[in-house]
Amino acid sequence: MPWNRVWEHCTLILTALGFIIVIGMLLGIISYLYPRLRKPILTVVDILQTIPSLATLGIIMILMGGNQKTVITGIVLYSLLPIVRNTNTGLNSVSPAVKEAAKGMGMTRAYQLFHIDLPLAFPLIFTGIRIAAVTSISVAVFGTFVGGGGLGAVIYQGIRVSSMKLILFGTAALMVMALVIDGIMGLIERRLYRRIGLQVPD
Amino acid sequence: MIEYRNVTKSYGGSPVVKEICLTIEKGEFVVLVGPSGCGKTTTLKMLNRLIPMDGGDILINGKSVKEQNPEILRRNIGYVIQQIGLFPNMTVEQNITVVPRMMKWDKERRRKRARELMELVDMDYDTYANKYPSELSGGQQQRIGVLRALAVDPPVILMDEPFSALDPITRDSLQDEIKRLQKQLNKTVIFVTHDMNEAIKLADRIVFMYDGKILQAAPPEEMLRSPADGIIREFMGKHVQKIRMEDELNCSDIMRTRIATISPQRKTLECVELMSQYEVNSLVVVDDNKNYLGIVTIEDIRDHGEAGQPVEALIRTDAPCVGTGQHARDAFRILVEKKADYVVVVTPENRLAGIVTKSSISKAMASALWGEG
Ligand SMILES: Nc1ncnc2c1ncn2[C@@H]1O[C@H](COP(=O)(O)OP(=O)(O)OP(=O)(O)O)[C@@H](O)[C@H]1O
Ligand SMILES: [Mg+2]
């Protein structure tokens with residue numbers, strides 16, 4: 001069984017996730033600090049997600065060639081939305097009373113952002129990260145068409161040689177991966193919400 | 001000393017604060033009162049520059065607030081708001097010491113200060129320091145809100161309707177506490193409210209605002225005795241309970257009727273829960289027909305109570321008690337002589353009617369001073 005492909009898949013999504021978190025949170029923070037940029041930023045990330053992921057990968061491949069970087073770029077562009085949106089929503093939903101108190105205590109804008117706004121928004125941001133992580137797993141499956149390897153390669157090969165075993169292995173590995181990541185992150189999320197006395201959504 | 005000099009503020013061309021002049025002495029408790037929208041909050045927030053003024057100036061100890069860095073200025077002025085605004089991501093201790101942390105106090109000093117402050121309001125450090133705000137009752141939260149404002153010992157504290165979202169019983173005890181703290185720590189307090197009773201209870205001087213102007217600034221008794229304007233008279237008429245004067249005052253005229261009661265079958269733990277919710281240390285016990293049975297105190301529960309036991313066994317029947325028809329001054333005399341927190345008022349059929357507290361007295365005196373109106 002091609003266990004190395006499982007490892008490859010994990011590396012792909014973890015690397016992508018690193019970029020998604022940094023870029024996504026930055027865009028979310030910028031759209032919070034400069035409300036005029038909120039609409040344009042959210043529209044762009046929204047559009048990026050509506051393009052079918054295979055097409056996104058295709059376009060990037062033509063520009064960057066077929067390799068792992070292409071897959072990672074594709075995943076990043078495709079999965080930004082939940083983090084950007086949740087960062088922005090989270091920061092904006094900090095209660096006006098808390099913001100007023102922060103300002104009244106003499107906090108500067110930056111101090112307030114790092115000590116109040118971001119910590120309070122973090123559970124929601126984390127939800128965004130969790131959604132992005134799960135989406136990334138399935139987007140990465142298409143990676144094989146642009147030379148990225150991963151579990152997509154296993155399934156695709158299974159289809160070509162009509163091997164039920166390979167197809168099932170690839171599928172099962174993907175499902176386990178999604179369930180484990182979702183499960184662990186779900187647990188962390190619950191603790192985060194409880195810590196600041198919020199209800200866990202849904 | 002704080003000095004407002006012809007301070008003006010407009011929104012979109014319409015003035016909301018009009019050339020206000022006001023001097024506040026060190027250690028003075030000034031209460032801004034007036035109808036909704038008259039400019040109280042605006043006046044308050046121009047002092048710590050949360051709202052920029054359009055004209056005039058505000059001086060603190062001779063120095064214009066405009067010349068100071070707004071963040072540094074705010075760190076040295078306590079600020080308490082109606083919505084409390086504790087930081088939900090921080091523990092009680094972190095909330096209290098948020099300004100010290102900005103001012104780079106070391107950990108030891110911050111901890112010591114938190115202990116000191118919590119002692120001031122009788123909150124046990126070990127019990128509460130590591131709790132989050134969501135685990136506290138409204139009254140406890142606002143106590144922490146007040147401590148947060150006191151953390152670096154600022155000489156001036158601004159409070160914008162800090163107690164108006166609390167239930168009447170909790171509000172009453174917080175009013176007593178803030179007045180005590182203000183005296184004890186010699187703070188200058190500017191306090192906004194539209195509750196005339198609250199103003200009378202707390203103020204050294206009441207500043208009555210109307211339509212962006214100050215109509216009168218005077219000690220409570222003086223304002224009650226000779227309101228400078230029909231508007232003030234009318235406003236007070238709506239807010240001070242009207243009661244007959246002098247000796248005709250009965251206990252039923254001045255008693256408070258919204259009080260925390262408990263039935264004798266309830267268990268000790270529920271009782272403690274209720275006490276902490278209302279922040280009182282005793283409850284009046286009544287049966288299902290409102291018949292007065294006695295009171296139960298936290299000391300008795302602590303010393304003789306067992307978990308899960310009905311409070312019936314712990315009822316004290318020797319609490320000071322008067323009849324609805326008795327003269328109010330009897331209730332006052334008992335309060336003073338027995339050093340009690342309250343006197344229970346019962347009807348001739350022995351039903352619970354209400355309680356008389358010290359603040360019932362001040363309200364009654366206020367009305368009496370102000371006259372028939
Ligand atoms: N940001 C703003 N933009 C426009 N108008 C405002 C703004 N803030 C306050 N006002 C107006 O200024 C006036 C004074 O407001 P302010 O909040 O000082 O009143 P207030 O006396 O504190 O009232 P309340 O008792 O309701 O709190 C009101 O008429 C209000 O509508
Ligand atoms: Mg106001």
Side-chain angles (χ1 to χ4, degrees), chain A residues 21 25 28-29 32-33 35 83 86-130 185 187-202, chain B residues 41 44-45 47-51 68-92 94-104 130-136 141-142 144-152 154 157-162 165:
Chain A
I21 292 170
M25 282 183 63
I29 292 171
Y32 164 70
L33 292 178
I83 297 185
N86 281 18
T87 304
N88 186 264
T89 313
L91 292 171
N92 275 315
S93 59
V94 173
S95 96
V98 168
K99 287 179 181 170
E100 159 117 12
K103 202 170 172 195
M105 294 300 121
M107 292 190 188
T108 59
R109 201 80 177 78
Y111 194 96
Q112 185 190 333
L113 181 70
F114 286 108
H115 290 82
I116 308 292
D117 297 346
L118 278 174
L120 285 176
F122 191 68
L124 203 60
I125 298 175
F126 193 82
T127 307
I129 296 176
R130 180 178 163 205
M185 293 183 84
L187 279 180
I188 300 175
E189 195 180 321
R190 208 167 292 263
R191 294 186 60 163
L192 287 173
Y193 278 98
R194 213 173 300 135
R195 219 186 78 117
I196 60 166
L198 286 179
Q199 290 298 313
V200 183
D202 89 75
Chain B
T41 298
L44 191 77
K45 286 205 212 168
L47 182 71
N48 66 358
R49 293 185 60 186
L50 284 174
I51 295 178
Q68 303 175 47
N69 171 302
E71 278 87 27
I72 307 272
L73 175 76
R74 288 179 202 135
R75 285 171 205 176
N76 291 298
I77 299 177
Y79 187 50
V80 185
I81 56 176
Q82 180 185 350
Q83 311 86 332
I84 307 178
L86 292 184
F87 306 123
N89 55 319
M90 297 182 185
T91 61
V92 163
Q94 289 168 333
N95 264 286
I96 295 178
T97 55
V98 75
V99 183
R101 208 163 335 125
M102 277 189 274
M103 295 176 123
K104 306 249 157 39
N130 293 316
K131 284 203 156 66
Y132 283 90
S134 57
E135 301 171 77
L136 305 182
Q141 289 187 21
Q142 192 57 297
I144 301 302
V146 170
L147 297 187
R148 178 175 66 178
L150 290 171
V152 294
I157 317 279
L158 309 181
M159 308 183 98
D160 195 348
E161 306 197 26

Self-check item: Proximity breakdown for A/T108 and chain B, heavy-atom pairs closer than 4.5 Å
Solution: both
Practice problem: Starting from the C-alpha separation in whole Å, work towards a yes-or-no answer on side chain to side chain contact (heavy atoms under 4.5 Å, CB included) for A/V98 and B/Q83. | Solution: CA-CA 8 Å; A/V98 168; B/Q83 311 86 332; over 6 Å; no
Quiz item: Nearest 0.5 Å, what's the NE2-CE distance between A/H115 and B/M102?
Solution: 9.0 Å
Quiz prompt | Pairwise salt bridge (charged side-chain N to carboxylate O under 4.0 Å, His left out) hits with a residue in residues 97-113 of chain A, at least two apart | solution = A/E100-B/K45
Exercise. Determine the minimum heavy-atom distance between B/G85 and A/A101, stating which atoms define it.
Key: O-CB, 3.3 Å
Exercise. For the pair B/N89 (side chain) and A/D117 (backbone), establish whether a donor and an acceptor sit closer than 3.5 Å, ignoring hydrogens and angles.
Key: no
Quiz prompt | Proximity breakdown for B/L158 and chain A, heavy-atom pairs closer than 4.5 Å | solution = neither
Quiz item: Would B/R75 and A/M105 satisfy side chain to side chain contact (heavy atoms under 4.5 Å, CB included), going step by step from the backbone distance to the final call?
Solution: CA-CA 5 Å; B/R75 285 171 205 176; A/M105 294 300 121; over 6 Å; no
